[in-house]
Amino acid sequence: MNRDEIVAELFRLQDKEYAAFQAKLIPTAEADRIIGVRTPELRALAKKLFKDEDTASFLKFLPHRYFEENQLHAFVISLDKDFGKCIAEVEAFLPFIDNWATCDQLSPKVFKKEPEKLLPYICTWIKSDQVYTVRFAIGMLMQHFLDARFDPKYADMVAAVRSEEYYINMMIAWFFATALAKQYASILPYLEGKKLDDWTHNKAIQKSVESYRITAEQKAYLKTLKVGRFASR
């Protein structure tokens, strides 16, 4: 399928009510760029496109016009099992990502199998001046380096990020909330030492308190670490 055929298929799958719902969730994407196709249908189409040689021309057609084209792009390259090819496609696509949903749903399966090869790219992406490239880098650290491969240096990398961008700071908070659930003793000093800006610090605590993976005792203590005007809440 070429690009025109793909867009025609997306409009065939359109749900206008869902489009309106999506527009509220993704304020950085203009409403007239959201067709309204549900994720299961996009994933099914992505699997079909992945097997189609003509899809290569679609992946090169950047920037895409529609949100769903970006979603398809993310889902297609996430299926690639060749690390070298996949990383090249990811690097080509990252500068064109313009919303949190596409950023967070770009999750190549091959990265889980070869995290050591991924790490140098993360170290570059996290220093980018592109909002969603930084967010993606933090997301990759959260997905692949908080369990058996955890090292405090990864938390240091995230804590060092300073930004005025909401979608970066939300991901930092999400990273630390997830890290607290998995590596509580190692991550707690980042909050006790106030190594994050106040807003992100408090948001990380909020997300942790809302998590079922944090014990009641831990939640009670985390609440005492809030800073600024939210400290007493």
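The shown structure was predicted, so the numbers you read here are calculated from the model rather than taken from an experiment. All heavy atoms count here, side chains included; hydrogens, waters and symmetry mates do not.
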Distance-minimising heavy-atom pair for [X] and [Y]:
| X | Y | value |
| --- | --- | --- |
| F176 | A204 | CB-CB, 4.1 Å |
| A92 | P95 | O-CD, 3.6 Å |
| Q130 | S128 | N-OG, 2.9 Å |
| S57 | D54 | OG-O, 2.7 Å |
| I187 | A155 | CD1-CB, 3.8 Å |
| S78 | S107 | OG-N, 3.1 Å |

Please list, chain by chain and in numerical order, all residues satisfying ring-ring contact (aromatic ring centres under 6.0 Å, His included) with [X], sequence neighbours excluded.
| X | value |
| --- | --- |
| F67 | none |
| Y166 | W199 |
| F11 | Y66 |
| F83 | F111 |

Got [X] and [Y] here, is their nearest side-chain heavy-atom distance under 4.5 Å?
| X | Y | value |
| --- | --- | --- |
| I26 | T102 | no |
| Y221 | E192 | yes |
| V209 | I214 | no |
| L180 | L222 | yes |
| N169 | S163 | yes |
| I35 | L13 | no |
| T55 | F50 | no |
| L141 | L146 | no |

Do the side chains of K203 and D197 get close enough for a salt bridge, i.e. N-O under 4.0 angstrom? no

What I want to find out is whether R38 reaches D15 closely enough, with some N-O distance under 4.0 Å, to be called a salt bridge. yes

Which value, rounded to the nearest 0.5 Å, describes the distance between [X] atom [atom1] and [Y] atom [atom2]?
| X | Y | atom1 | atom2 | answer |
| --- | --- | --- | --- | --- |
| E5 | L49 | CD | CG | 10.5 Å |
| R33 | N70 | CZ | CG | 6.5 Å |
| H73 | L59 | NE2 | CG | 4.5 Å |
| M142 | T178 | CE | OG1 | 5.0 Å |
| L106 | F93 | CG | CZ | 6.5 Å |
| K219 | S211 | NZ | OG | 6.5 Å |

Return the set of residues passing side-chain contact (heavy atoms from CB on, under 4.5 Å) with [X] (not counting sequence neighbours), or none when no residue passes.
| X | answer |
| --- | --- |
| Q105 | T39, R43, Q71, F75 |
| D151 | K153, Y154 |
| V131 | E165, Y167, I168 |
| D82 | D80, K85 |

Step-by-step side chain to side chain contact (heavy atoms under 4.5 Å, CB included) determination, F136 to V90: CA-CA 10 Å; F136 182 71; V90 167; 3.9 Å; yes

Using salt bridge (Lys or Arg N to Asp or Glu O under 4.0 Å) as the criterion, list what pairs up with [X], not counting sequence neighbours.
| X | result |
| --- | --- |
| K182 | D147 |
| D104 | R135 |
| R213 | none |

Please evaluate residues T28 and D98 with respect to the criterion side chain to side chain contact (heavy atoms under 4.5 Å, CB included), reporting the C-alpha separation (whole Å), side-chain torsions for both, the decisive distance (0.1 Å), and the verdict. CA-CA 7 Å; T28 58; D98 61 3; 5.6 Å; no

Do side-chain atoms of [X] reach the backbone of [Y] as a donor and acceptor pair under 3.5 angstrom?
| X | Y | value |
| --- | --- | --- |
| D52 | M1 | yes |
| H201 | L225 | yes |
| E41 | V37 | no |
| R3 | F58 | no |
| W174 | K207 | no |

More than 12 heavy atoms of other groups within 6.0 Å of F96 CZ: yes

Decide if atom CD of E210 counts as having more than 12 heavy atoms of other residues, nucleotides or ligands within a radius under 6.0 Å. yes

Take R12 and E9, measure what salt bridge (charged side-chain N to carboxylate O under 4.0 Å, His left out) needs, and give me the verdict at the end. CA-CA 5 Å; R12 189 186 71 79; E9 179 63 9; 2.8 Å; yes

If two hydrophobic side chains count as joined below 4.5 Å and joins carry through other members, does L42 share a cluster with F61? no

Between Y190 and D156, a side-chain donor and acceptor under 3.5 Å: yes

Please report the C-alpha distance between L45 and L10 in whole Å, then the side-chain angles of each, then the deciding distance to 0.1 Å, and finally whether the side chain to side chain contact (heavy atoms under 4.5 Å, CB included) criterion is met. CA-CA 9 Å; L45 181 55; L10 289 172; 4.0 Å; yes

Please set out all donor-acceptor pairs under 3.5 angstrom arising from side-chain atoms of residues 116-125, sequence neighbours excluded.
residue, atom, partner, partner atom, Å
K117, NZ, E114, OE1, 2.8
T124, OG1, P120, O, 3.4
W125, NE1, E91, OE2, 3.0

